[in-house]
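The structure's right below; bear with me while I get my questions together.
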2 protein chains.
Amino acid sequence: MATERIDGTLTIAETSELTGLSPSTLRYYERIGLIDSVERGPDGRRRYQAADLAWMAFLLRLRTTGMPIQGMLAFAELRRGGDATVRARLELLGRHQAQVRKQYEAVMRSLDAIDDKIAHYERLVEEQDGDSGRQA
Amino acid sequence: MATERIDGTLTIAETSELTGLSPSTLRYYERIGLIDSVERGPDGRRRYQAADLAWMAFLLRLRTTGMPIQGMLAFAELRRGGDATVRARLELLGRHQAQVRKQYEAVMRSLDAIDDKIAHYERLVEEQDGDSGRQA
DNA sequence: GTAGGAGTTGAAGCGCGCTTCAACGCAAGG
DNA sequence: CCTTGCGTTGAAGCGCGCTTCAACTCCTAC
């Protein structure tokens, strides 16, 4: 960290480093309302707080599990609605989870089938190796 | 099946029905070389054979596990190369599988974290319910 | 004063994976 | 003959999730 600030805030570059999101993506997420408008320093530049980082970490988990931006946006909007929306958020997450698990099962079934294909190819390769002496 | 054909071939509509791929997608896949050029009836229309269906089923498994079209295309091209490419195909599939498993570990970790969030919200909801008598 | 580096904005662009469109062909049925 | 339905083609369009670009503003160091 080149310029350590006395408050715990981070520049966009540092936040980018920590989250793995590019500065452009950070600005993009803010623009579309996925991240609440970030505080600015006296120079007009963004200063990310710990709370922002925590929220982004959560967003990243949603993204990792395949939630589309529209879904994350819906969650972000509920969050802005405060305590009254807790139940709705719970439902949103629950539905997402069920969906992820369902998809995961489909993926695993396909992966098993691919396994079979691999086994098939392995037999082929063995035959080729075995034949190499006998063939022309 | 409205018009059963004496050979076992299928129209594009029937193939679409069976695979879940739209006719447009079937044509698109053929155009980009993901599916080998399909035989035509005397009227110039596509007639899908059993072998085509089997290949598509395999492609769908690759797609379900998140392989991008470029990857499937690479596999399709190897397949056209015949027996000589069996080892390369094996490696391609192996790399893909390792990647899928790795990614799904990340997904599962995120899902666990989301579980925690859900548990957190559930506690909140209980508190709200419990407080409803005591609060204004 | 001036150059460099990090940041800002709005708008345009891009790669992916299809989907849609427009114009046409062909065979069967009324 | 003419409509209906299913198919064909090449080209354009689209939604998603960013990324890139151009023009500008600050601050710091020299």
Salt bridge (Lys or Arg N to Asp or Glu O under 4.0 Å) involving B:Arg123 - partner list, sequence neighbours excluded:
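Checked B:Arg123 against salt bridge (Lys or Arg N to Asp or Glu O under 4.0 Å); zero matches.
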
Go through the structure and list residues passing side-chain hydrogen bond (donor to acceptor under 3.5 Å, both in side chains) with A:Arg46, not counting sequence neighbours.
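Expected list: A:Glu30.
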
With sequence neighbours excluded, tell me which residues meet side-chain hydrogen bond (donor to acceptor under 3.5 Å, both in side chains) with B:Ser16.
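Testing B:Ser16 for side-chain hydrogen bond (donor to acceptor under 3.5 Å, both in side chains), a comparison that skips the adjacent residues, returns none.
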
What are the 5'-most and 3'-most nucleotides of DNA chain C lying under 4.0 Å from any heavy atom of chain B?
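Contact boundaries, 5' end first: C:dG17 to C:dC26.
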
Nearest heavy-atom pair of B:Leu93 and B:Leu62: which atoms, and what distance?
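Heavy atoms of B:Leu93 and B:Leu62 come nearest at CD2-CD2, 3.9 Å.
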
Counting just side-chain N and O atoms, does B:Arg46 come under 4.0 Å of either OP1 or OP2 of D:dT9?
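So the side-chain polar atoms of B:Arg46 do come within 4.0 Å of the phosphate oxygens OP1 or OP2 of D:dT9, strictly under.
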
To 10°, what angle do the rotation axes through the five end pairs on each side of the helix from C:dG1-D:dC30 to C:dG30-D:dC1 form?
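Answer rounded to 10°: the end axes differ by 30°.
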
Among residues at least two apart in sequence or on other chains, which ones pass side-chain hydrogen bond (donor to acceptor under 3.5 Å, both in side chains) with B:Thr19?
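Not a single residue meets the side-chain hydrogen bond (donor to acceptor under 3.5 Å, both in side chains) criterion with B:Thr19.
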
Can you pull out the residues from residues 92-103 of chain A that lie within a 4.0 Å heavy-atom distance of DNA chain D?
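Residues of residues 92-103 of chain A under 4.0 Å from DNA chain D: none.
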
side-chain hydrogen bond (donor to acceptor under 3.5 Å, both in side chains) involving A:Arg87 - partner list, sequence neighbours excluded:
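Listed in chain order: B:Asp129.
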
Mind running a 4.0 Å heavy-atom check of residues 19-29 of chain B against DNA chain C and sending the residues that fall below it, in number order?
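Close to the strand are B:Ser22, B:Ser24, B:Thr25, B:Tyr28, B:Tyr29.
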
Of residues 36-44 of chain B, the positions that come close to DNA chain D - non-hydrogen atoms, cut-off under 4.0 Å
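The answer is B:Arg40, B:Gly44.
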
Side chain to side chain, A:Leu111 and B:Val100, heavy atoms closer than 4.5 Å
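Contact flag for A:Leu111/B:Val100 side chains = yes.
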
B:Arg79/B:Asp36 ion pair, N-O < 4.0 Å:
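Yes.
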
Without swapping roles, check the side chain of A:Thr85 against the backbone of A:Ala88 for a donor-acceptor pair under 3.5 Å.
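A pair under 3.5 Å: no.
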
Pull out every residue in residues 59-68 of chain A that has a heavy atom closer than 4.0 Å to any atom of DNA chain D, ordered by number, or say none.
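Hits under 4.0 Å, by residue number: A:Arg63, A:Pro68.
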
Exceeds 12 heavy-atom contacts within 6.0 angstrom, atom CD of A:Glu77
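Atom CD in A:Glu77 is crowded, with more than 12 foreign heavy atoms closer than 6.0 Å.
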
Sequence neighbours excluded, every pair satisfying salt bridge (charged side-chain N to carboxylate O under 4.0 Å, His left out) that has a member inside residues 96-108 of chain A:
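Matches after skipping sequence neighbours: A:Arg101-B:Asp115.
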
